[in-house]
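The structure under discussion appears below in the form of structure tokens.
Just the heavy atoms: all of them, side chains too, but no hydrogens, waters or symmetry mates, feed the values below. Throughout, a chain's letter reflects where its sequence line sits, starting with A, and its residues are numbered from 1.
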2 protein chains.
Amino acid sequence: MSDVAEEVGVSLATVSRALRGLEGVSEDTREKVREVAARLDYIPSPEASGLAGRSTGRVAVVLHDLPSWYGSSVTVGLERELRPAGLDLLVRCVDDPADRVRFFATMPLRRKVDAVVVIAIALTPQEVAKLREGGVAVVAAGSHGEGFPCVAIDDELAAQQAVNHLLQLGHERIALLNTVAATDRAWQAQRDRENGYRAAMAAAGVPVDEDLVVSWSGGSRGGAQGMDQLLSGRRLPSAVFAFSDEVALGAMRSLRRAGIEVPRQISVIGIDDHPLAELTDLTTVAQDPVALGRASAQVTLDLLQGRPARDVGTFPTRLVVRGTTAPPAP
Amino acid sequence: MSDVAEEVGVSLATVSRALRGLEGVSEDTREKVREVAARLDYIPSPEASGLAGRSTGRVAVVLHDLPSWYGSSVTVGLERELRPAGLDLLVRCVDDPADRVRFFATMPLRRKVDAVVVIAIALTPQEVAKLREGGVAVVAAGSHGEGFPCVAIDDELAAQQAVNHLLQLGHERIALLNTVAATDRAWQAQRDRENGYRAAMAAAGVPVDEDLVVSWSGGSRGGAQGMDQLLSGRRLPSAVFAFSDEVALGAMRSLRRAGIEVPRQISVIGIDDHPLAELTDLTTVAQDPVALGRASAQVTLDLLQGRPARDVGTFPTRLVVRGTTAPPAP
DNA sequence: CTGAAAGCGCTTACAG
DNA sequence: CTGAAAGCGCTTACAG
């Protein structure tokens with residue numbers, strides 16, 4: 001930085017202010033500083049600015065596990081939007097509750113990042129407060145909360161779109177294959193999607209058979225187990241609404257093994273539009289987590305640059321009808 | 001840190017040395033410093049140590065795209081091993097060649113990380129040199145190179161395992177459904193797997209029909225297109241060895257649409273043991289990218305702590321026979 | 001084995 | 001609008 005200052009013939013302070021776009025620098029000086037900085041390939045040291053001032057030039061993304069399609073897609077969206085803005089992305093997986101506590105206890109101690117974006121994690125007010133105290137901006141992607149920007153789909157609506165599709169095909173015995181969050185007792189998506197399921201059923205005047213509402217751990221394995229449970233029940237469902245495409249795919253495996261034809265005997269629908277959904281011809285309710293990540297990044301940038309966080313609204317979901325749903329067998 | 005120094009009654013320099021395990025501190029003092037630091041919840045500022053000394057406490061993982069199963073699995077392995085060691089993980093996707101050039105040009109300018117772990121990227125000697133000049137340690141996961149530690153499977157062997165399985169079933173018209181790397185002209189895996197395919201065929205004395213060797217972009221879409229090309233050929237293959245499970249799944253979709261039964265009419269095998277392989281009953285050659293990430297992390301830690309990098313050897317792969325391979329139709 | 005001092009490259013009041 | 005100076009929290013020669 002001193003090279004730049006010397007070359008332009010101004011002080012370090014002026015260079016610093018000019019480059020960061022602070023007020024109180026003449027346009028003339030600012031121009032010159034920018035030009036010289038570019039010519040000299042000057043890159044500010046994040047270490048130094050972090051030490052001296054406030055900004056670290058880093059954003060942490062916090063999620064349950066990375067190999068999930070959802071989490072990695074949102075992360076990619078964040079990365080694509082944050083990097084051009086000169087911010088680096090720190091990835092932190094919080095596996096279990098103890099780890100989660102550790103993270104929120106230590107992270108703000110040393111402000112290693114300017115902002116934290118949590119993916120599909122419902123923050124407690126204490127956790128938010130802790131981050132805030134540490135001077136860290138907070139944004140949620142894929143979950144809801146009070147007092148900080150949240151970018152998410154309407155889970156209840158997505159569930160209704162799925163269940164309405166089944167209802168319109170003529171199904172009444174519609175099972176809900178939900179998941180339980182192993183690591184986060186408060187993950188809201190499950191609750192909201194169940195609410196959407198019940199709301200759609202109620203609106204259609206179709207009673208819910210509680211034997212058809214089952215919950216297993218997430219992923220395809222849980223889906224397979226949940227489907228096995230449904231198959232061992234007294235009366236089979238004619239359609240299954242799964243929490244996600246992965247769960248739906250697990251369910252389809254169980255159906256295949258049980259020799260049950262999809263969709264002739266049982267229809268299956270998921271949520272996500274996972275790349276595999278197209279591959280396996282799975283009917284689903286699509287969402288776009290990469291776009292959601294991008295929007296979360298923009299909100300984060302707003303916060304970091306002192307602007308009011310833009311309102312990105314609720315992210316849309318839409319029914320994608322493929323080959324795993326059909327009218328019920330007569 | 002000054003709190004710790006004051007409490008113990010030593011200088012800042014001693015605290016710094018004691019905590020970092022440097023030589024020249026009596027065991028007695030070191031103990032005391034450690035104890036007080038723990039009691040006071042002291043966490044060193046990475047900004048300050050980065051500025052003053054050398055270490056930033058950060059490792060960058062560089063990959064093509066994150067939503068890939070392979071990349072995110074390796075990253076998870078890295079994260080699990082690096083975090084307990086007090087290192088944060090910076091994620092950087094390099095999408096296109098221009099971006100790649102930009103990364104290697106700017107990253108070393110400001111040493112933002114202590115080490116770079118590249119995933120499935122074949123580094124050029126110049127890129128390695130550039131990182132080295134910047135004082136950044138280099139480790140490769142899933143690719144090979146000279147002059148820095150590489151943790152990888154034996155791609156040629158993996159291909160041989162797959163093709164040998166098909167040969168042993170009695171197949172001779174074995175197609176290779178390879179991929180072309182859009183972003184990295186030198187990705188070695190494709191070349192090595194093709195070599196393995198040819199070596200296995202040659203060893204069995206089976207001639208390769210060059211019409212059965214096709215390359216498309218990666219992912220399931222490319223697999224579907226490649227399979228379409230094979231299906232439009234004069235003589236069909238009796239078995240398909242796909243570059244990866246994703247490619248294999250794409251191929252299976254094309255086969256399904258064409259009304260061809262797997263494995264009765266055509267056998268299919270992939271590489272990876274992607275979670276979906278189990279779900280779709282796909283025969284494959286399994287690898288463990290999470291373990292590979294962990295091993296890469298350990299090598300990285302060796303380098304950062306001034307030890308010689310341990311030799312983790314070549315990572316094993318093993319044939320997993322499921323339902324998509326069978327003897328050829330008579 | 002330990003300490004005093006300089007310095008890493010910035011930012012931020014405080015003056016002007 | 002601009003600058004001189006202090007300071008962010010460490011590490012590293014240099015002495016002792």
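Legend: residues meeting side-chain hydrogen bond (donor to acceptor under 3.5 Å, both in side chains) with B:Asp99, ordered by chain and number and at least two apart, are A:Arg83, B:Arg92, B:Arg102. Legend: residues meeting side-chain hydrogen bond (donor to acceptor under 3.5 Å, both in side chains) with A:Arg58, ordered by chain and number and at least two apart, are B:Glu47. The side-chain hydrogen bond (donor to acceptor under 3.5 Å, both in side chains) test applied to A:Ser26 returns A:Thr29, not counting sequence neighbours. The side-chain hydrogen bond (donor to acceptor under 3.5 Å, both in side chains) check on B:Arg132 picks up nothing, with sequence neighbours excluded.
Where A:Leu51 and A:Glu27 each meet DNA chain D at their nearest nucleotide, the meeting point lying more 5' is that of A:Glu27. Along DNA chain C, the nucleotide nearest to B:Ala48 and the one nearest to B:Glu23 differ in position, and the one closer to the 5' end is contacted by B:Glu23.
Taking atom CG of residue A:Leu19 and atom C1' of nucleotide C:dT12, one finds them 16 Å apart after rounding to whole Å. One interatomic measurement links the two molecules: CD of B:Glu47 to P of C:dT11, which rounds to 12 Å at whole-angstrom precision. Protein atom CZ of A:Arg58 is 14 Å distant from nucleotide atom C1' of C:dC10, rounded to whole Å. Between A:Asp114 atom CG and C:dC10 atom P there is a gap of 16 Å when expressed in whole angstrom units. Remark: C1' of C:dC10 and CG of A:Asp3 are 14 Å apart, rounded to the nearest angstrom. As rounded to whole Å, 8 Å separates atom P of C:dT11 from atom CG of A:Leu22.
When distances are taken from the side chain of B:Ala52 to each of C:dT12, C:dG7, D:dT2, the shortest belongs to C:dG7.
Every stem involving DNA chain C, taken as at least 3 paired positions in a row under the Watson-Crick or G-U wobble test at 3.5 Å, is listed here: C:1-3 with D:14-16, C:5-12 with D:5-12, C:14-16 with D:1-3.
Across all strands, A:Thr29 comes closer than 4.0 Å only to sugar-phosphate atoms, never to a base (heavy-atom distances).
Residue B:Arg30 has no polar side-chain atom (N or O) positioned under 4.0 Å from OP1 or OP2 of C:dT2. Contact annotation: B:Ser45 does not reach the phosphate of D:dC8 (side-chain N/O to OP1 or OP2, under 4.0 Å).
Within 6.0 Å of atom CD in B:Gln305, more than 12 heavy atoms from other residues, nucleotides or ligands are found, so the atom counts as buried in its surroundings.
Not one N or O on the side chain of B:Ser16 forms a donor-acceptor pair closer than 3.5 Å with the backbone of B:Leu12.
Within the model, atoms CG of B:Asp96 and NE2 of B:His64 stand 11.0 Å from one another, a figure rounded to the nearest 0.5 Å.
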Decide yes or no on salt bridge (charged side-chain N to carboxylate O under 4.0 Å, His left out) for A:Glu133 and A:Lys130, but give the supporting numbers first.
CA-CA 5 Å; A:Glu133 279 167 32; A:Lys130 218 151 196 172; over 6 Å; no
Pairs: protein N or O with nucleotides 3-5 of chain C N or O, under 3.5 Å:
from	atom 1	to	atom 2	distance (Å)
C:dG3	OP2	B:Ser11	N	2.9
C:dG3	OP2	B:Ser11	OG	3.2
C:dG3	OP2	B:Thr14	OG1	2.7
C:dG3	N7	B:Arg17	NH2	2.8
C:dG3	O6	B:Arg17	NH1	3.3
C:dG3	O6	B:Arg17	NH2	3.2

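Looking at B:Thr14 and B:Ser11, their side chains do bring a donor and an acceptor atom within 3.5 Å of each other.
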